[in-house]
Student: 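Below you will find the structure I want to go over with you.
Per chain, numbering begins at 1; letters A, B, ... match sequence-line order. Remember, it's a predicted structure, so these values are computed and weren't measured experimentally.
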Amino acid sequence: MSDDSKPLNFIEHIVEEDLANNFPKEHLRFRFPPEPNGYLHIGHASSISLNFGLGLRYNAPVNLRFDDTNPAKEEQEFVDAIKKDVTWLGYEWDTERYASDYFQQLYDWAIYLVKKGRAYVDDQSSEEMAAQKGTPTEPGTESPNRNRSVEENLALFNQMKNGEFKEGTHVLRAKIDMASSNMLMRDPIMYRVLHKAHHRTNTDWCIYPMYDWTHGESDYIEQVSHSFCTLEFAMHRELYDWFLDQVYDENKVRPKQREFARRNLSHTVVSKRKLAKLVETGVVSSWDDPRMPTISGLRRRGYTPESIRNFTETIGIAKRDNLIDVSLLEFQVRNHLNKVAPRVMGVLDPLKVVITNYPEGEEEWLDAENNPEDESAGSRKVPFSREFYIEKEDFREEANKKFFRLKLGKEVRLKNAYIIKAESCTKDTDGNIIEVQCTYDPKSKSGSGTEESLRKVKGTLHWVSIKHAVEAEVRLYDRLFTDESPDTHKDKDFMDFVNPDSLQVIKGYLEPHLKEAKIGDRVQFQRLGYFCVDPDSSSEKLVFNKTVGLRDSWAKIAEK
RNA sequence: UGGCCCAUGGUGUAAUUGGCAACACUCCGGUUUUUGGUACCGUCAUUCAAGGUUCGAGUCCUUGUGGGCCAACCA
């Protein structure tokens, strides 16, 4: 089911071309193949929506395959996290596969290659082999073990398998071409000895297949028609094809590897190794710290699956190097949250206001619209009283005409409430304003329909009645790195660019019904931004994360 | 010194495969607004350079220039 309303990316063009050349549509099959050695990040989101998107587009199955060939780095914890993230993003895989499911088949094929004289056991040190490998400009030299007899190779490989050798002493290599201009073709390693327990096969094996030997054959076993990976694997394609040639049966689908450019997001890093370092060094609290570009971090930050999917869709996929500005990502959350997040009022930097002509002890519950973008969201009641908070930055003793907020002698509308006028203010001994005294127009109540209520005043402020306010911890986030591309500097480490002020924890005062907010709830604090309830939150202590601010054109005017 | 890949506004992608350079974001300017939000309108590139083929080139060819990748018992 192809959707022609949108232009195709180059990957889709490849599939379309194959279809046009009579590749049977029902043989289309894709896969998303993460290594379970860390958490998924925003870069993976692109690969996920590419592969699963293709599945949806052509109604073809997509496997979730764990590339688990290195027990030294992989853990069940990561398998679970990856499954959770893919599901959360809204995709369904056809079958859950593991490269480790194919260890026996891979081993049998390896024996077959040995028998064909296409693979041999090498017992040199890695240093020796590296020296023989040559350089990109000079051909390598052949290993003295390259021409062992089949019998000897079989025997040695069997000993490797049976655990008779120590790690690092023996490998199985493909016999290809030590003079190839492609370094990967210079007799690459297929198996190494690793006396480590695997998270799924435990100690069944002590030899483990390398990526190149595993990946293409796994695609072949699963009959994946198109195997998409990132550009750094482009050189691997020749090897991928060579390994396939060894076992390929004409009657089966032959997987095709093609490469696309990894997506780079500005002001962050997307490499598991670097993300792991941020966690290990305590720069962030965990893999799901809301500042992390991981899927779990974005989830905790308040991002929606829709916004991430829309992001990957709009940035597309291509082959050139890129540095995607975070503003493209932020736009997508704002865009989605604008439609679905209930509006509430919260004051994060409080300044007390007293309405001198409002009866002491009185309170009234005013109607407040939950979402102007969505009438079905209904309304709620918000308590109003003589004393309330506004944001400090919303009051100035005096200011120019561009300042639409509260200033002495001028009027402003309190959202969903009354028009008030600032009469005077009091300061502490340091000269800081600590309270503003106002009068209000009792006939100006929002929604009352009176002439006064319809008066236009330039500014509208959010507020929270002090007596009714609920307190909450609010965590504000800034970009994790001060540089837009922290890991591309040859002379500096990415850790040098860590933003020391990426987290700010403050106390906020919220309208009372937020006491009922549940973990994961997303709201808009009007005029401030989108926030969500953090998992650290409890009935005793509310904790909110700031997802993203609203567009703020006042900030730009104020700068001038 | 070898091989492979890439080059379109500030950012990311398109361009019916040789036929008027489009979309989204950002920026700037404006309209609407009981969120300085949203929505809406408008401004912002002749496609890295130089040649060539062609009636016609972002698209094909050549040569440059610039960038990325390749020598882990990682994936």
Side-chain angles (χ1 to χ4, degrees), chain A residues 6-9 13 33-35 37 67-70 72-74 122 125-126 129-131 133-140 167-173 180-184 186 189-194 207-208 210-212 214-215 229 231-238 259 261 263 266 272-273 310-311 313-332 334-335 338-339 343 345 369 372-373 402-405 413-417 419 446-447 453-462 524-529 549-558:
Chain A
K6 270 172 289 181
L8 306 180
N9 61 44
H13 277 298
E35 182 190 10
N37 67 342
D67 240 331
D68 56 347
T69 55
N70 185 3
K73 291 185 178 175
E74 297 150 7
D122 204 340
S125 68
S126 59
M129 289 194 284
K133 197 129 196 183
T135 69
T137 52
E138 298 157 30
E167 287 184 15
T169 60
H170 293 69
V171 292
L172 183 75
R173 301 177 73 178
S180 171
S181 59
N182 183 350
M183 300 292 289
L184 289 162
R186 325 251 258 225
I189 294 173
M190 295 171 65
Y191 275 95
R192 77 282 212 187
V193 175
L194 239 38
I207 54 171
Y208 289 92
M210 301 289 288
Y211 165 83
D212 287 297
T214 309
H215 204 89
C229 59
L231 237 32
E232 63 266 30
F233 290 97
M235 301 300 291
H236 294 248
R237 189 152 108 199
E238 192 180 355
E259 312 81 17
R263 322 310 288 163
S266 75
K272 282 184 198 165
R273 203 200 95 235
N310 289 340
F311 170 71
E313 215 166 275
T314 55
I315 63 173
I317 207 84
K319 289 185 81 169
R320 55 175 140 149
D321 297 326
N322 56 81
L323 212 213
I324 297 154
D325 200 289
V326 270
S327 64
L328 269 70
L329 215 208
E330 292 175 342
F331 166 77
Q332 296 295 165
R334 287 199 193 96
N335 197 34
N338 175 49
K339 295 186 187 86
R343 271 56 170 175
M345 292 195 285
E369 202 179 12
E373 304 291 315
K402 286 190 173 173
F403 187 78
F404 301 160
R405 287 112 111 129
R413 156 77 62 187
L414 292 177
K415 180 80 181 167
N416 301 128
I419 292 173
S446 293
S453 75
L454 299 173
R455 269 174 58 211
K456 299 286 176 198
V457 287
K458 195 60 185 169
T460 301
L461 306 185
H462 62 278
Q524 183 198 89
F525 288 176
Q526 283 175 113
R527 302 212 303 135
L528 297 177
L550 259 24
R551 269 185 66 208
D552 188 356
S553 44
W554 163 243
K556 287 164 195 161
I557 297 167

Student: Ignoring hydrogens and geometry, is there a side-chain-to-backbone donor-acceptor pair from R413(A) to S453(A) under 3.5 Å?
Tutor: yes
Student: Please report the interatomic distance CZ(F525(A)) to NE2(H462(A)), rounded to the nearest 0.5 Å.
Tutor: 9.5 Å
Student: Give me the distance, rounded to whole Å, that separates U11(B) from C20(B) when you measure between the C1' atoms they each carry.
Tutor: 26 Å
Student: Can you tell me the pairing partner of A75(B) across any strand shown, Watson-Crick or G-U wobble, with both distances under 3.5 angstrom?
Tutor: none
Student: What integer number of Å spans the P atoms of U47(B) and A71(B)?
Tutor: 37 Å
Student: Please tabulate the protein-to-nucleotide N/O contacts below 3.5 Å involving nucleotides 71-75 of chain B, giving atom names and distances.
Tutor:
unit_1, atom_1, unit_2, atom_2, d
C73(B), N3, G168(A), O, 3.3
C73(B), N4, Q124(A), O, 3.4
C73(B), N4, G168(A), O, 2.5
C74(B), OP2, R192(A), NE, 2.9
C74(B), OP2, R192(A), NH2, 2.7
C74(B), O3', R192(A), NH2, 3.3
C74(B), O2', N70(A), ND2, 3.0
A75(B), OP1, T69(A), OG1, 2.6
A75(B), OP1, R192(A), NH1, 3.3
A75(B), OP1, R192(A), NH2, 3.1
A75(B), OP2, Y211(A), N, 2.9
A75(B), O4', E35(A), OE1, 3.4
A75(B), N6, H236(A), NE2, 3.3

Student: Under a 3.5 Å cut-off for both contacts, is G2(B) paired Watson-Crick or G-U wobble with anything, and if yes, with which nucleotide?
Tutor: C70(B)
Student: Which heavy-atom pair separates E167(A) from V193(A) by the least distance, and what is that distance?
Tutor: CG-O, 3.4 Å
Student: Taking atom P in both C73(B) and G3(B), compute the distance separating them and give it to the nearest angstrom.
Tutor: 25 Å
Student: If you define the side chain from C-beta out and look only at heavy atoms, does anything of M129(A) sit under 4.5 Å from R173(A)?
Tutor: yes
Student: Glycosidic conformation of U17(B), syn or anti, with 90° from 0 as the boundary?
Tutor: syn
Student: Assign a letter to each nucleotide of nucleotides 31-42 of chain B from its 5' end: B, base within under 4.0 Å of a protein heavy atom; S, sugar-phosphate only; -, no contact.
Tutor: ---BBBBS----
Student: Pairs under 3.5 angstrom, nitrogen or oxygen only, protein versus nucleotides 11-15 of chain B, please.
Tutor:
unit_1, atom_1, unit_2, atom_2, d
U11(B), O3', L323(A), O, 3.1
U11(B), O2', L323(A), O, 3.3
U11(B), O2', D325(A), N, 3.2
G12(B), OP1, L323(A), N, 3.0
G12(B), O3', R263(A), NH2, 3.1
G12(B), O2', I315(A), O, 2.6
U13(B), OP1, R263(A), NH1, 3.1
U13(B), OP1, R263(A), NH2, 2.7
A14(B), OP1, I317(A), O, 3.1
A15(B), OP1, H13(A), NE2, 3.3

Student: Can you check the distance between G10(B) and A45(B), where both ends of the measurement are the C1' atom (answer in whole Å)?
Tutor: 11 Å
Student: With side chains defined as the heavy atoms from C-beta onward, is the minimum distance between Y211(A) and D67(A) less than 4.5 Å?
Tutor: yes
Student: For C60(B), which nucleotide is its Watson-Crick or G-U wobble mate, given both distances must be under 3.5 Å?
Tutor: G52(B)
Student: Quick check for you: to the nearest 0.5 Å, what is the distance between S266(A) atom OG and D325(A) atom CG?
Tutor: 4.0 Å
Student: Using Watson-Crick or G-U wobble geometry with both distances below 3.5 Å, tell me the partner of C27(B), or none.
Tutor: none
Student: Considering only atom C1', compute the distance from A15(B) to G58(B) and round it to an integer number of Å.
Tutor: 9 Å
Student: For side chain to side chain contact (heavy atoms under 4.5 Å, CB included), just list the numbers for I317(A) and R263(A), CA-CA rounded to whole Å, side-chain angles, deciding distance to a tenth of an Å, and then say yes or no.
Tutor: CA-CA 8 Å; I317(A) 207 84; R263(A) 322 310 288 163; 4.0 Å; yes
Student: Can H170(A) and D122(A) be counted as having a side-chain donor-acceptor contact under 3.5 angstrom?
Tutor: no
Student: Any side-chain heavy-atom pair from K415(A) and S446(A) closer than 4.5 angstrom?
Tutor: no
Student: Looking only at atom P, what distance separates U62(B) and C4(B), rounded to whole Å?
Tutor: 13 Å
Student: Just wondering, do R405(A) and W554(A) contact through their side chains at under 4.5 Å, heavy atoms?
Tutor: yes
Student: Quick test of your reading of the model: are R343(A) and E369(A) salt-bridged, counting only N-O distances below 4.0 Å?
Tutor: no
Student: Determine whether the side chains of N182(A) and S180(A) contain a donor N or O and an acceptor N or O closer than 3.5 Å.
Tutor: no
Student: Sticking with atom C1', work out how far U8(B) lies from U59(B), rounded to a whole angstrom.
Tutor: 11 Å
Student: Using Watson-Crick or G-U wobble geometry with both distances below 3.5 Å, tell me the partner of A7(B), or none.
Tutor: U65(B)
Student: Work out how far the P atom of U31(B) is from that of C69(B), and round it to whole angstrom.
Tutor: 49 Å
